[in-house]
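Taking it in order: structure first as structure tokens, then the write-up.
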Amino acid sequence: KEDDDSEASVVVATRPKTKRPPLYKVLLLNDDYTPMEFVVAVLERFFGMTSAQSFEIMLTVHKKGVAVVGVFSHEIAETKVAQVMDFARQHQHPLQCTMERE
Ligand code: TYC
């Protein structure tokens, strides 16, 4: 068994397995009743958009039915959805906001 190195020096390539946490898209849905100005105010208030960016995204939702308004960690996405849903409910608008794994 002297010159048999079949079970010695066996090195398999390794890579660090640092999985990043999954990201979540926050989606805003269109409806027929929520005023456009309210949606613009929501995007400014909770997503830090300028009024021009907000108006653009609001129009996309209005025309296409849905748009991604941001991508976040699970916890931040949940918070954004809750903030938007609470704010819409307080103002009695049927605006819907949801999240989806990217
Ligand atoms: N469709 C609405 C209207 O015509 C405006 C609107 C835009 C509502 C985006 C919701 O997420 C929304 N008043």
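One is the number of the first residue; the rest follow in order along the sequence. Just follow the structure's listing: the first ligand is 1, and inside any ligand the first atom is 1.
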Minimal heavy-atom distance between Cys97 and Val26, with the atoms involved, is SG-CG1, 3.5 Å
re atom 13 (N) of ligand 1, the protein heavy-atom contact at minimum distance is Thr34 O, 2.9 Å
shortest atom 2 (C) of ligand 1-to-protein heavy-atom contact is with Asp31 O, 3.2 Å
Q) Does Thr34 reach the main-chain N or O of Leu95 with its side chain, forming a donor-acceptor pair under 3.5 Å? A) yes
Practice problem: Determine, step by step, whether Val69 and Phe46 satisfy the side chain to side chain contact (heavy atoms under 4.5 Å, CB included) criterion, reporting the C-alpha distance in whole Å, the side-chain angles of both residues, the deciding distance to 0.1 Å, and the verdict. | Solution: CA-CA 10 Å; Val69 299; Phe46 299 114; over 6 Å; no
among protein heavy atoms, the one nearest atom 4 (O) of ligand 1 is His62 CE1, 3.1 Å
Are any non-hydrogen side-chain atoms of Glu37 and Met58 less than 4.5 angstrom apart? no
Smallest heavy-atom separation, Pro94 atom then Tyr33 atom, equals CG-CB, 3.9 Å
Atom 9 (C) of ligand 1 has as its nearest protein heavy atom Val61 CG1, 3.6 Å
For Ala67 and Val61, the nearest pair of non-hydrogen atoms, with its separation, is CB-CG2, 3.5 Å
When distances are taken from atom 8 (C) of ligand 1, the protein heavy atom at minimum range is Asn30 OD1, 3.4 Å
So the atoms of ligand 1 within less than 4.0 Å of a heavy atom of Leu29 turn out to be 10 (C), 11 (O), 12 (C)
Ligand 1 atoms nearer than 4.0 angstrom to some heavy atom of Leu95 are 10 (C), 11 (O), 12 (C)
